[in-house]
Amino acid sequence: MVAAIPRRRDVPGRMRSMTSDPLQSEPLEIRIRHVRAVDAPSIAEIMNARHVNLGTQRFPYHPDTSIASRIADDPAKFKLVAEMGGRIAGYGELETWPDRPRLRHGAEIDMVATHPDFRGFGIGAALLGEMIDLADRWLQVSRLQLFVWDGNARAIALYERFGFVTEGRLRKFVFVDGQYRDAFIMARLLQDAR
């Protein structure tokens with residue numbers, strides 16, 4: 001049962017174990033892999049979650065075709081899911097710019113989103129850690145950036161924990177839940193992270 005899993009927020013990385021129940025000896029693991037077309041219904045649950053809508057530029061409801069299009073293969077994007085206990089627990093996107101020669105050294109974390117049933121279990125940290133590992137060790141990315149809305153303290157704390165620093169504020173950048181919100185651009189430079 002998901003509610004029995006102890007809350008752990010310090011779980012960056014690829015494969016992590018969490019004991020689900022004191023009576024259960026087998027730990028539940030967070031497994032990161034590339035998204036598949038069959039994941040669409042679970043991704044829709046994540047994308048339609050209120051906390052995800054409040055932290056992204058997406059609308060509260062997504063048609064099936066929109067979800068299918070979002071998770072379709074794209075050579076410039078790495079689309080990952082986190083699995084826990086046999087369920088899709090989170091979704092993340094790392095966008096690269098291979099066709100933009102002057103920006104090839106950079107990439108953007110386009111999304112880190114957790115299923116409502118799995119918030120607080122280290123899913124976001126596991127996804128972010130894997131995308132950072134991919135950028136640092138495989139893609140030759142020296143600048144990794146992201147946007148986050150002012151007031152999203154939970155996400156900002158996660159990003160700071162992984163070495164992202166705020167580079168600037170974009171005033172009234174996005175319209176969310178009936179009001180304009182500022183955004184921060186945050187970045188992590190590879191030479192600063194080592």
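Below, each value reflects all heavy atoms present in this structure, side chains not excepted, and no hydrogens, waters or symmetry copies. If you're wondering where the values come from, they're calculated on a predicted model, not measured in any experiment.
- Between Asp182 and Arg169, at least one side-chain nitrogen of the basic residue sits less than 4.0 Å from a carboxylate oxygen of the acidic one, meeting the salt-bridge criterion.
- Residues satisfying the side-chain hydrogen bond (donor to acceptor under 3.5 Å, both in side chains) criterion with Arg181, sequence neighbours excluded, are absent altogether.
- With sequence neighbours left out, Phe173 forms a ring-ring contact (aromatic ring centres under 6.0 Å, His included) with Phe147, Trp149.
- Considering every non-hydrogen atom in both Leu127 and Val81, the closest pair reads CD2-C, 4.0 Å.
- Here Arg188 pairs with Asp136 in a salt bridge; the nearest charged N to carboxylate O distance falls below 4.0 Å.
- Arg50 has a carboxylate O that lies under 4.0 Å from a charged side-chain N of Asp177, or vice versa, which qualifies the two as a salt bridge.
- Between Lys79 and Asp74 no salt bridge is recorded (no basic side-chain N to carboxylate O distance below 4.0 Å).
- No donor-acceptor pair closer than 3.5 Å links the side chain of Thr96 to the backbone N or O of Ala107.
- Contact check on Asp110 versus Arg70 returns a salt bridge, with a Lys/Arg side-chain nitrogen under 4.0 Å from an Asp/Glu carboxylate oxygen.
- What you find for Ala155 and Val148 is that their closest heavy atoms are CB-CG2, 3.9 Å.
- Between Glu167 and Arg143 a salt bridge is recorded (basic side-chain N to carboxylate O distance below 4.0 Å).
- Pairing each heavy atom of Ala82 with each of Ile32, the nearest pair is CB-CD1, 3.6 Å.
- In this structure, Ile67 and Ala40 approach most closely via the heavy-atom pair CG2-O, 3.6 Å.
- Using a cutoff of 4.0 Å between basic side-chain nitrogens and carboxylate oxygens, Arg87 and Asp39 are not scored as salt-bridged.
- Hydrophobic clustering (side-chain heavy atoms under 4.5 Å, transitive across Ile, Leu, Val, Met, Phe, Trp, Tyr) keeps Met131 apart from Ile43.
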